[in-house]
Structures are given as C-alpha cells and as structure tokens.
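Notes to accompany the following structure.
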2 protein chains.
Amino acid sequence: MTRSEENYIKTIYHLGDAGMHSVPTNAIASQLKTQPSSVTDMIKKLSDKKYVHYKKYRGVYLSEKGINAALTIIRKHRLWEVFLAEKLGFNWDEVHDVAEQLEHIKSEKLIDKLDAFLNFPKYDPHGDPIPGKNGELAQRSLQLLSSLQPNDEGICVGVKDSSVTFLKFLDKHNISLGDHIKILDAEEFDESLTIQIDNKNLHISKRIATNLFIKPVRE
Amino acid sequence: MTRSEENYIKTIYHLGDAGMHSVPTNAIASQLKTQPSSVTDMIKKLSDKKYVHYKKYRGVYLSEKGINAALTIIRKHRLWEVFLAEKLGFNWDEVHDVAEQLEHIKSEKLIDKLDAFLNFPKYDPHGDPIPGKNGELAQRSLQLLSSLQPNDEGICVGVKDSSVTFLKFLDKHNISLGDHIKILDAEEFDESLTIQIDNKNLHISKRIATNLFIKPVRE
DNA sequence: ATTTATTTTTAGATTTACCTAAATATATGA
DNA sequence: TCATATATTTAGGTAAATCTAAAAATAAAT
C-alpha cells in the first residue's frame with residue numbers, strides 16, 4: 001500500500017464511522033484537501049484492490065480488507081502518539097502531526113516492539129482506543145464526568161441528558177464538544193466539582209457532572 | 001526536500017567520503033539500484049537547487065549546503081538506530097532498514113527530543129559518530145583492540161601493522177575487516193586476550209591486540 | 001593515435017497522484 | 001414534475017521519479 005492509499009483508507013474509516021456506512025466523495029476530498037476528481041481516481045484504485053465497495057455516485061465504504069488495513073494504520077498512529085507524549089514529552093496537541101508521518105513506517109517488528117516498550121497501552125493520549133495486533137478494539141472508555149477524580153483529565157464527548165435546558169446551560173458556560181476538562185477539586189458534601197475548562201475555572205453541581213460524557217485522557 | 005532527493009544526497013555523501021571528492025554517476029546508480037539515466041536527471045535537479053556541483057561527464061560533489069543536508073539526514077538515521085537498538089532491543093544488524101525509513105520523518109522537535117531521550121549519544125550501534133545539531137562530527141572513535149576491557153565489543157576496522165606476516169596471521173585465523181569482536185577475558189600476566197569472533201573463541205597475544213584497530217560498538 | 005570499450009547523457013515513455021474544466025447524475029424546491 | 005442546484009465523474013493534462021534505447025563523450029588498449 002502506498003502512503004496515499006493509506007491516507008485515503010484511514011480517512012474513509014473515520015468518516016464512515018469505522019466502516020459502518022458509506023462516505024461521499026466530497027467529504028473525503030475536503031478532509032484530505034484534494035479535489036473530488038482526485039478522490040474518484042483513488043477510489044477506483046482502492047476498489048480494484050478490494051479495499052472498498054464502490055458504486056458510482058453512491059460513495060464508498062470499506063470492505064473487510066479495508067477495515068483491517070485501517071485498523072493497522074490507526075494502531076500505528078496511536079502507538080506512536082503514546083510514544084511521543086509519554087517518552088518524548090510532547091504535549092498532547094503536538095503529537096498528531098508527527099504521528100501522521102510515523103504511521104506510514106513499514107515494519108511489523110517495529111510496531112510490536114514499540115507496543116511492548118510502551119507496555120501495551122490500551123488508549124492513546126487523546127483517550128482513543130488502540131487497536132490490537134489482530135484488530136480488536138477496546139471499548140472507547142466513556143465515563144461520566146462525575147466518575148472522575150481530582151487531577152483526572154478528559155475531553156467532553158457527549159451528553160447524557162440532551163434536553164434544551166441542559167444544552168442551554170452548556171452553551172451559557174461555553175462548554176462544548178471536544179473541550180478539554182480537568183478536575184481540580186471534588187466537594188465531598190454535595191459532590192460538586194471544580195473543573196478547569198479553556199483555562200477558566202468553573203464550579204458545577206453533581207447534576208451537571210452526571211450528564212456529561214468524558215473521554216479520559218491518558219488511560 | 002523530497003525523500004528521493006534526501007536519498008541521493010546521503011548516497012553522494014557516503015560515496016564521496018563526506019563530500020571530499022566527486023562521485024561518478026554509475027556509482028550512485030548502482031548504490032541506489034536505479035538506472036544511470038535516472039541519476040543524471042536527479043543530479044540536474046540537485047544542481048539547480050545548489051546541493052551539488054555538477055559538470056557534465058565529470059561526476060558530482062556536494063556543496064556546503066549539500067553537506068549540511070547530508071549531515072542532518074545522517075544524524076536522524078543514526079539517532080533512530082540508537083533508539084531501535086537500545087530502547088526496542090533490535091539486533092545491530094536489523095536497525096538499518098527501519099532507520100532508513102525513519103530518517104525521512106520531518107520534525108526538528110522530534111529529533112531534538114529523541115536525542116535528549118537517548119541521552120545525547122555520540123555513536124550509533126555500529127560505532128559511527130552521530131553528527132550534532134550543527135553538523136559537528138565527533139572523531140570516529142578508533143581504538144586498539146588491546147585497550148578494550150572484557151565485555152567490550154567492536155568492529156575490526158583496520159590494522160596498525162600492515163606487514164605481510166601480520167596480515168597472513170589474520171587471514172589464517174579468519175579475522176577480517178568488518179568482523180564483530182567481543183572481549184571475553186584479559187589475562188593479567190601476559191596481557192593476552194580471549195576474544196569471540198564469528199561465534200568462535202580465539203586466544204591472542206598482546207602483540208596482536210596492539211596492532212588491530214577496533215571501532216567500539218555502543219559507546 | 002586510432003579503435004574499442006565504458007560511462008554518461010539525451011530523448012521519449014510510463015506510473016502515481018494530483019489538477020482543471022466540462023459533462024453527467026442525483027438531489028432539492030417551487 | 002420540471003427547473004435549478006449540488007455532487008460526482010470523465011477527459012485531458014501536469015510534475016516527480018522512474019524506465020529503455022539510442023547518441024555522445026570520455027577512457028582504455030593496442
């Protein structure tokens with residue numbers, strides 16, 4: 001597989017939610033910052049090589065073979081992210097670009113040894129699960145904000161209660177999906193939390209904390 | 001710089017003894033396993049970009065800019081070799097191919113952090129010096145076999161006494177340039193050594209040991 | 001010093017991964 | 001449903017790095 005093929009497959013995997021559904025040409029193009037016509041070209045090639053199923057004008061979705069290929073690349077990407085963050089001291093926002101390059105290094109032995117060196121981590125520094133050698137994927141470790149301890153960190157990935165009132169509350173306090181949250185303090189009395197979000201501190205009630213899904217950062 | 005340009009520059013550096021003299025087209029072609037005509041093409045490009053000096057039919061040699069570029073690549077290559085051997089437990093003969101890929105990763109920060117992580121090594125697992133951030137190159141650490149301690153290892157890189165008798169001796173005992181030697185034991189009485197070479201043990205006198213140059217492995 | 005052999009370069013193709021512009025298919029909306 | 005908008009594909013082209021085959025320059029050998 002060429003580097004470019006790998007990038008397309010990874011993109012299709014992500015955009016199609018792990019190969020669940022098909023992905024339109026334009027989505028791939030804008031993600032990879034290429035022209036739609038280039039995507040069509042590559043899709044044909046990937047289809048010839050049986051990595052994707054393709055019907056003209058109907059988008060693509062990954063085949064079994066394509067999903068496995070994607071998982072292999074993602075495994076490499078996330079292992080390198082752990083290495084960069086944990087061993088070399090990169091910040092968790094700096095790891096991505098370099099991992100994007102490292103994920104294309106071809107050596108199974110290298111990845112296995114790296115995996116062992118890092119002590120077989122299950123999650124990358126963003127909290128995303130690292131696929132195993134055989135493609136098995138740990139459950140994404142979703143937790144409620146209320147279950148975290150002081151000093152734990154995570155990313156806001158969803159809400160349990162999606163009522164308008166709750167969402168308005170989040171909006172008012174500038175809490176949005178993808179925000180990085182750190183627990184500063186937990187009040188035993190009412191189980192309220194002091195959290196740091198966007199470099200600002202915020203005190204939230206138990207009620208709020210039990211309705212926010214968090215993806216813990218660094219397992 | 002493209003990956004291909006980097007490979008050419010590195011090759012020209014090595015074949016031309018660190019940029020000392022010019023390198024014929026064919027030598028580059030056979031080293032890189034391409035056709036001479038491809039080399040001519042690339043040479044023109046590198047010449048346009050001022051990495052090499054080029055006169056038709058006269059071979060190429062590296063410019064100042066080219067030498068610096070080469071040193072940067074070699075620095076990356078050798079640091080990765082140390083990482084692979086020391087941290088991941090690769091054998092010293094397995095590191096080259098993977099390092100060949102890793103050397104093309106583009107991130108100055110990555111290399112600096114890797115350098116620090118490895119504790120600023122001066123030599124790679126083959127005993128070759130690692131260029132510094134500013135291109136300074138440590139002296140290749142040549143030592144006489146007689147100066148090593150038990151458990152030290154090295155590669156046979158030259159002889160001090162090049163008399164016929166000595167060379168015949170080496171031949172007879174199957175000692176040749178590039179051989180990997182490990183000191184097993186040193187006899188205090190006559191300063192003779194027991195060494196392991198090619199998986200065979202050999203007992204040699206002080207006289208012999210003081211006439212063999214060794215490049216120590218893992219400084 | 002010529003001929004012969006070797007090395008290097010030119011000329012013209014090929015492949016990969018792009019691109020632009022035009023054509024066509026699908027989706028949307030009055 | 002018919003016109004319009006949007007998405008996708010086709011057609012034809014480009015740049016990088018390679019190739020083969022032929023031409024030209026240099027080196028070697030008688």
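So you know, we letter chains A, B, ... as the sequences are listed, proteins then strands, and number each from 1. Keep in mind the model is a prediction, meaning the values are calculated, not measured.
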Quiz item: A:Asn26 side chain N/O closer than 4.0 Å to the phosphate oxygens (OP1, OP2) of D:dT8?
Solution: yes
Quiz item: What are the two closest non-hydrogen atoms of B:Pro131 and B:Leu71, and how far apart are they?
Solution: CG-O, 3.6 Å
Quiz item: Counting only side-chain N and O atoms of B:Lys44, is one of them less than 4.0 Å from OP1 or OP2 of C:dT10?
Solution: yes
Exercise. Check every strand shown and say whether B:Lys55 touches a base, only sugar-phosphate, or nothing at a heavy-atom separation below 4.0 Å.
Key: nothing
Practice problem: Report yes if a donor N or O on one partner sits less than 3.5 Å from an acceptor N or O on the other, where the partners are the side chain of A:Thr25 and the base of D:dT9; otherwise report no. | Solution: no
Exercise. Scan A:Arg3 against the nucleic acid and name what it touches under 4.0 Å (heavy atoms): base, sugar-phosphate only, or nothing.
Key: nothing
Exercise. Decide if the gap between the ring center of B:Phe83 and the ring center of A:Phe83 is smaller than 6.0 angstrom.
Key: yes
Quiz prompt | Given C:dC19, D:dT26, D:dT18, the nucleotide with the shortest approach to the side chain of A:Gln35 | solution = C:dC19
Self-check item: Per B:Tyr57 side chain, nearest of listed nucleotides C:dC18, D:dT10, C:dT9
Solution: C:dT9
Quiz item: Base, sugar-phosphate alone, or nothing: which one does B:Thr34 contact when heavy atoms must sit under 4.0 Å apart?
Solution: sugar-phosphate
Quiz item: Should A:Arg58 be listed as having a side-chain N or O under 4.0 Å from OP1 or OP2 of C:dA27?
Solution: yes
Quiz item: Closer than 4.0 Å, any side-chain N/O of A:Lys56 to the OP1 or OP2 of D:dT10?
Solution: yes
Quiz item: Just checking A:Ser4: base, sugar-phosphate only, or nothing, at a heavy-atom cut-off of under 4.0 Å?
Solution: sugar-phosphate
Practice problem: Between D:dA25, D:dT8, C:dC18, spot the one nearest the side chain of A:Asp41, thanks. | Solution: C:dC18
Quiz item: Nearest to the side chain of B:Tyr54 - D:dT18, C:dT9, D:dT10?
Solution: C:dT9
Practice problem: Return yes when atom CZ of B:Arg207 has more than 12 non-hydrogen atoms of other residues, nucleotides or ligands closer than 6.0 Å, and no otherwise. | Solution: no
Quiz item: Do A:Thr40 and D:dT10 share a donor-acceptor pair, side chain to base, under 3.5 Å?
Solution: no
